[in-house]
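Step one of this worksheet: look at the structure below.
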Protein chains: 2
Amino acid sequence: MEKENRVSITVIRRLPKYYRYLNDLLNKGINRISSQELSKMTGFTASQIRQDLNNFGGFGQQGYGYNVEDLHSQLGKILGLDKVYKSVIAGAGNLGQAIANYRGFQDAGFEVLSLFDKNPKLIGIKIRDIEIRDVDEMESFIKENGIEIGIITTPKESAQMIAEIFERSGIKGIWNFAPADIKVKEDIIVENVYLNESLFALSYFMNNKKDYVRRD
Amino acid sequence: MEKENRVSITVIRRLPKYYRYLNDLLNKGINRISSQELSKMTGFTASQIRQDLNNFGGFGQQGYGYNVEDLHSQLGKILGLDKVYKSVIAGAGNLGQAIANYRGFQDAGFEVLSLFDKNPKLIGIKIRDIEIRDVDEMESFIKENGIEIGIITTPKESAQMIAEIFERSGIKGIWNFAPADIKVKEDIIVENVYLNESLFALSYFMNNKKDYVRRD
DNA sequence: CTATGCATATTATTTAATTAACAAATTACT
DNA sequence: AGTAATTTGTTAATTAAATAATATGCATAG
């Protein structure tokens, strides 16, 4: 029961990409797609695509391919995008505001209920109806509103402290933009976005073109 | 000559992490480190760390370990961080401003010379001495100033158009934040930051804890 | 209603990545 | 100085991932 066949991380990281392309197809009104066509779009091999999808069940039909709408909705369920998540953002600087402003997240079911900051100049300001509150109120806000996701967009010096508030408040997942490792108890899911690491990789490839293979 | 032993992407993506930890050690005044200690810090196995580093040469010493300052500087060179890159940002919304504001990039040698937008309300405003200009001037600005890196923080609808301006202007690398695949000629390095994919992965793991293994 | 071709699901194979093992070099201790 | 304890570089073994192959089931055309 413990070690049921877990889906590998490499597969999981590809799912959002499939989802995005299926969404594009849906918007174009295309309702049928083969793994071969998906391969051309995504750059992954057809074989890999079929294997990836079969981790979660046989969504296709021999001789036909995949139904775009069905596969899109199935992947949405697998990714948990059929639910609505309540979230808060710690750090109301440009990055925090950028995330609060981004419609794409809202549309995918990630609702930002409040931003928090310690800068008195920011407190009280609203970003698209979302109020910036004092970080001292964050813990009680999270508890009272049943917030599940905490987003860290503070400088790295504050990241751990914020993470601990999240932990105390019962947050289930953390989306961390600070270039620091945060330590919280194991059952909290932490997804890091290390922008500097991405930039450094760009820099590396610019200096070592031989190692570069384009991946979308 | 063509297929000299290329370093695998998975290795390259770990280098920035090593670099970051070494930087931390440097700031702490620690001048010696073993692969085993690095393993504890980073979560990678000691064996993997030694193998990764040996792709680029033997930086360590048997019985001693690695000299922090030396390894840090070597990795910096490998990543191309010993140079200064001139860059511009297309899209002066919150995200573009966040990047322009972020000292960390500046410190790593990524200099933002200008932001560009089509919104007349933004044009002329300065972010930390960096002026926002009309996107119509972008091509000539890039050419005149020898800009090497173009950063895309526009909505996805404009991303391809911006990428084409970058291509025409002789940009060498593109850091793309728009959730869209951009098509440019093969010798331009493209590094994508797909924030929605990261968020979807977080969502997946929150719904499928069994598949989650923390990776820093 | 049947035959042909298409495209999946699934298994086998190959390739890549990770981990383990160990000889050689160095440090640190007695 | 001599010996035990470290710790690397490197090769070998193992595990994981990607690709290829193939049998099966549907769709479509006549």
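Every chain is numbered from 1 and lettered A, B, ... according to where its sequence line falls, protein lines coming before strand lines.
Straight-line distance from the CG atom of L71(B) to the P atom of dT8(D): 11 Å, rounded to whole Å. Rounded to whole Å, the distance from CD1 on I9(B) to P on dT15(C) is 19 Å. For E37(A) and dC6(C), the CD to C1' distance is 12 Å, given to the nearest whole Å. Atoms CD1 (I12(A)) and C1' (dA17(D)) sit 14 Å apart, rounded to a whole Å. Going from atom CD of Q48(A) over to atom P of dA9(C) covers 15 Å, rounded to whole Å. Here the P atom of nucleotide dT7(D) and the OH atom of Y66(B) are 12 Å apart, to the nearest Å. The CD1-C1' distance, from I49(B) to dT8(D), rounds to 13 Å in whole Å. Rounded to whole Å, atom C1' of dT15(C) lies 15 Å from atom CZ of R6(B).
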- Message: side-chain hydrogen bond (donor to acceptor under 3.5 Å, both in side chains) for T10(B) and S8(B)? Distances and angles first, verdict last.
- Response: CA-CA 5 Å; T10(B) 54; S8(B) 90; 2.9 Å; yes
Using the side-chain hydrogen bond (donor to acceptor under 3.5 Å, both in side chains) rule, take S35(B) and Y66(B) through it: C-alpha gap first, then chi angles, then the decisive distance, then the call. CA-CA 8 Å; S35(B) 59; Y66(B) 300 87; 5.5 Å; no
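Remark: aromatic rings of F205(A) and Y212(A) are close, center separation under 6.0 Å. Taking the six-membered ring for Trp and the full ring otherwise, F141(A) and F116(A) have centroids separated by under 6.0 Å. Between F166(A) and W175(A), a ring centre-to-centre spacing not shorter than 6.0 Å is recorded. When ring centroids are compared, Y194(A) and F177(A) stay outside the 6.0 Å threshold.
Contact detail for I171(A) and I149(A): the closest heavy-atom pair is CD1-C, 3.6 Å.
A 4.5 Å side-chain heavy-atom check between F44(B) and R14(B) finds at least one atom pair inside the cut-off.
Nearest nucleotide to the S8(B) side chain, out of dA17(C), dA18(D), dG9(D): dA17(C).
At dA7(C), none of the side-chain N or O atoms of S35(A) fall inside 4.0 Å of OP1 or OP2 (strictly under the cut-off). Taking only side-chain nitrogens and oxygens, T45(B) never comes nearer than 4.0 Å to OP1 or OP2 of dT18(C). A sub-4.0 Å separation between OP1 or OP2 of dT10(C) and a side-chain N or O of N54(A) is present.
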Please list each protein N or O that sits under 3.5 Å from an N or O in nucleotides 11-13 of chain C, with the distance.
from    : atom 1 : to     : atom 2 : distance (Å)
dT11(C) : O4     : Q51(A) : NE2    : 2.7

Under a 4.0 Å heavy-atom criterion, the protein footprint on nucleotides 22-30 of chain C, written with B, S and -, is --BBBSS--
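The number of heavy-atom neighbours closer than 6.0 Å to CD of E164(B), taken from other residues, nucleotides and ligands shown, is above 12.
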